[in-house]
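A quick write-up on the structure given underneath.
Labels below follow one simple rule: chain letters A, B, ... track the order of the sequence lines, proteins then strands, and each chain is numbered from 1. All values below were derived from every heavy atom in this structure, side-chain atoms included, with hydrogens, water molecules and symmetry-related copies excluded.
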There are 2 protein chains.
Amino acid sequence: MTQLTLKEIARLAGVSRTTASRVLNDQPHVRSELRERVLRVVAETRYHPNPVARSLALQESRMIGLVVPRSVHSFFSDPYFPRLTQGIAEACNQYDYTLSLFLVQTPQDEAKVLPKITSRGFLDGVVVQVGQMEDHLIATLADSGLPMVVAGRPEITEGISFIDVDNVEGARNAVLHLLKLGRRRVATITGGLNTAVGLDRKVGYERAHAEMGLPCDPALIVEGDFTENSAYQAMGRLLQHHPDAVFAASDIMAVGAIHAIQHHGLNVPRDIAVVGYDDLPPALMVTPTLTTIRQPVRRFGIQTVTTLLELLKNGPQPPRQVIMGTEIVVRESCGAILAEGANIS
Amino acid sequence: MTQLTLKEIARLAGVSRTTASRVLNDQPHVRSELRERVLRVVAETRYHPNPVARSLALQESRMIGLVVPRSVHSFFSDPYFPRLTQGIAEACNQYDYTLSLFLVQTPQDEAKVLPKITSRGFLDGVVVQVGQMEDHLIATLADSGLPMVVAGRPEITEGISFIDVDNVEGARNAVLHLLKLGRRRVATITGGLNTAVGLDRKVGYERAHAEMGLPCDPALIVEGDFTENSAYQAMGRLLQHHPDAVFAASDIMAVGAIHAIQHHGLNVPRDIAVVGYDDLPPALMVTPTLTTIRQPVRRFGIQTVTTLLELLKNGPQPPRQVIMGTEIVVRESCGAILAEGANIS
DNA sequence: AGTAGATATGGGAGCGCTTCCAGATACACT
DNA sequence: AGTGTATCTGGAAGCGCTCCCATATCTACT
């Protein structure tokens, strides 16, 4: 079977390449009779235009890249990355873009992959998942001129479009939930305070107290590092200060906290209520099941793409910075469900 | 800044396009003086050839696709997919290929995405993750002529290259492990027996018995469907037949089985030893920690790519079918670690 | 000095598509 | 019939690269 090209289609339909091209691109100035003839030939031969040639001529590839830097690799152990990818891929399908994936694990990868990403004409735009200490990568991409949207909050936001989840608001709601259930000594195990996420969630904790007109006891704030073990340790220390609730800045840490509480012979949620953050599978595996903050990860991915596409459509313009909300998922560990009021003691 | 092209580079270096191209592609027939001059200009201008134009001229894109059909979406909830992707991406980086991702979730997606995938010149080859009932997709891709490797075992293997993990051997080792620890009433909770994986693991169970010259008691074989709940139910039924060990065809099911055993007041591993399959996070979250079969998922992804690249290099040829081994991860639930010999009762 | 044979060089065509633009055709008027 | 306008049509150039092939240059011979 001879290689199918537009020229061949045109020949078969008895028209010129131009006319055939017009038909394929739904352009005017083609007699409906010819249009039909071309469409029939296309259908019969199952012809599809060569996207590479098309990209070259149009100077746009209809491809966008997703760049995942090495520091994000913790994400491979939680469902964040797959869900994000799913959202992004979904949006790409919808808008007829192709997604290509760049996992940058080593500096060598970076040296190899970055030039490719920024090569003219290869990608129309790029989504970069923010990790830690990736200013360099983001800066390089930013001034390559390639349209870019950052998923997460980059360290420098100047002139950069990004989508972030409102960690302050999420944490605030978590803590507010506990306070409204009548808990009055609400502790927190923070994430690493060298990360934006860790800091934001701590701010949310403080803000909730301020809103309710309650003081924050510094003894009830302990730093963890997002691992279960760090939270287990942290909870051990917290217990000396008799909290009646804990907000852990991640589900994994919440699990660590619950284990610590239980090993001290106390009951969750009766003695100490717990709220986590992320709504990952561990939240359901633990006993009692975990009340937590769910992030709209899939929608987040979609948002990332739609924002990028807007950037593409409208050319260079003021960067867009979108902050998305969260939702609280109430389960057993906060004590809201099992016993109404009885817990307020 | 004017658009950089090969022509421009050639002009700056005072040579022809051809010569410049030769230098960039490490081809002979260029005086070393000229070569250097060109390289210097390239370095100064940070020029990188336009990959799209290159693809068009070379008739190869150096892109491969990863196609994930809708039925694989359970994979989004376990780390299989991220790890596979990681392996694939790693290999792509190494061999200078770009990976593009196609999530085919709906029939509409399929209609939209398939023509794109099979368009001439767009992808050099494709890796298809096998799900359930995807013969159609695989068949379509197969006879589009696009070089293809299937990750997993497709329903029809005729003329198709695929990489699979040896589920029979993995299950066999799991059960052998239990038998060698002296267990004599080893039950199994199988996966859905309408899936290749479910069937293979059951065959492994039987084969282990055959090898040891032991009979299989049909009462000790119960079908689950890979969910925790199905295993919990199954285990309940199994208990009436007094097994002293259980091989569950997935970790999730092993967790269900352990819960059931414990709720009946029995001890794992003393009364009943348990071995799972997959080595997913739940294996570590449960008490006692789970002995299980680990799949080489990342290496699996890499293998998938190297096989595809061989196919690309050597042209159409007999399909390659690779079966990869597994390894057993011994933890507490099988009783091998805590008590040597004491369990043999 | 002359020539075969190797080695360098660059013009030009081609990859498959889009699109400008000039020319052809149709239609409605005076 | 003749002009003007709207509507079609297709040749040709161009997107940025590779590579064939004809030509130019350089060695090492006789």
Side-chain angles (χ1 to χ4, degrees), chain A residues 1-39 41-42 45-63 96 115-116 118-124, chain B residues 1-39 41-42 45-63 96 115-116 118-124:
Chain A
M1 154 173 157
T2 163
Q3 171 71 287
L4 270 187
T5 72
L6 223 212
K7 197 169 151 194
E8 185 66 8
I9 297 296
R11 198 183 59 75
L12 290 174
V15 300
S16 76
R17 300 197 315 282
T18 311
T19 305
S21 168
R22 285 211 179 94
V23 173
L24 284 174
N25 297 305
D26 273 329
Q27 285 169 4
H29 305 307
V30 177
R31 224 184 328 156
S32 61
E33 178 206 338
L34 288 193
R35 166 160 275 137
E36 236 167 72
R37 222 154 75 201
V38 172
L39 286 178
V41 172
V42 168
T45 55
R46 288 218 233 83
Y47 167 77
H48 284 279
N50 180 322
V52 178
R54 200 152 193 276
S55 294
L56 183 58
L58 286 173
Q59 296 289 80
E60 68 158 29
S61 62
R62 291 199 83 86
M63 294 221 314
D96 263 317
K116 195 153 65 177
T118 55
S119 293
R120 298 214 87 82
F122 186 47
L123 296 176
D124 288 347
Chain B
M1 153 171 159
T2 160
Q3 170 71 286
L4 270 186
T5 72
L6 224 211
K7 197 168 151 194
E8 184 68 7
I9 297 296
R11 197 183 59 72
L12 290 175
V15 300
S16 76
R17 298 187 331 271
T18 309
T19 303
S21 168
R22 284 210 182 94
V23 173
L24 283 173
N25 296 306
D26 271 329
Q27 284 169 5
H29 305 306
V30 178
R31 222 183 333 153
S32 62
E33 179 207 336
L34 289 193
R35 167 161 276 136
E36 237 168 68
R37 220 154 77 202
V38 172
L39 286 178
V41 173
V42 167
T45 55
R46 290 218 233 83
Y47 167 76
H48 285 280
N50 181 322
V52 178
R54 201 152 193 277
S55 294
L56 183 58
L58 285 173
Q59 296 289 80
E60 68 159 28
S61 62
R62 291 198 82 83
M63 294 222 314
D96 263 319
K116 195 154 62 177
T118 56
S119 293
R120 296 214 89 82
F122 186 49
L123 296 176
D124 288 346

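- Between the C1' atom of D/dC26 and the CD atom of B/E33 lies a distance of 15 Å, rounded to the nearest Å.
- Both A/L56 and B/G14 lie near DNA chain C, and the one whose nearest nucleotide falls closer to the 5' end is B/G14.
- Side-chain atoms of A/L34 lie closest to D/dT9 of the nucleotides C/dT9, D/dT9, C/dG16.
- Of the side-chain N and O atoms in B/Y47, one or more sit less than 4.0 angstrom from OP1 or OP2 of D/dC17.
- To the nearest angstrom, P of D/dG16 lies 17 Å from NE2 of B/H48.
- Residues B/N25 and B/R54 are in side-chain contact: their nearest non-hydrogen atoms beyond the backbone lie under 4.5 Å apart.
- Distances were taken from every side-chain heavy atom of A/T5 (C-beta onward) to each of C/dG16, D/dG16, C/dG10; the shortest belongs to C/dG16.
- The backbone N or O of B/L4 sits nowhere less than 3.5 Å from a side-chain atom of A/R120 that would complete a donor-acceptor pair.
- Atom CZ of A/R11 is separated from atom P of D/dT9 by 20 Å (rounded to the nearest Å).
- When the P atom of D/dG14 is taken as reference, atom CZ of A/R54 falls 21 Å away, rounded to whole Å.
- Residue contacts shown for A/V52 are absent, as no nucleic acid heavy atom lies under 4.0 Å away.
- B/R31 places its CZ atom 16 Å from the P atom of D/dA24, with the value rounded to the nearest Å.
- A side-chain donor-acceptor contact under 3.5 Å links B/S61 to the backbone of B/F122.
- Here OG1 of B/T19 is found 10.0 Å from CZ of B/R35. Values are rounded to the nearest 0.5 Å.
- Atom NE2 of A/H29 is separated from atom P of C/dT19 by 13 Å (rounded to the nearest Å).
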Subject >> Candidate pair A/L6 and A/L24, rule side chain to side chain contact (heavy atoms under 4.5 Å, CB included), full reasoning >> reply: CA-CA 10 Å; A/L6 223 212; A/L24 284 174; 3.8 Å; yes
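- B/R120 has no side-chain polar atom (N or O) that falls below the 4.0 Å cut-off from OP1 or OP2 of C/dG16.
- Computed from coordinates, the B/N50 CG to C/dC15 P distance equals 18 Å when rounded to whole Å.
- Between A/K7 atom NZ and C/dC15 atom P there is a gap of 7 Å when expressed in whole angstrom units.
- Contacts of B/L58 with the nucleic acid, taken as non-hydrogen atoms under 4.0 Å apart, involve only primed sugar atoms and P, OP1 or OP2.
- Of the residues in residues 16-27 of chain A, A/S16, A/R17, A/T18, A/T19, A/R22 come within less than 4.0 Å of DNA chain D through at least one heavy atom, sorted by number.
- A donor-acceptor contact shorter than 3.5 Å links the side chain of B/T45 to the backbone of B/V41.
- Put simply, the side chain of B/R22 never gets that close to the backbone of B/Q27: no donor and acceptor are under 3.5 Å apart.
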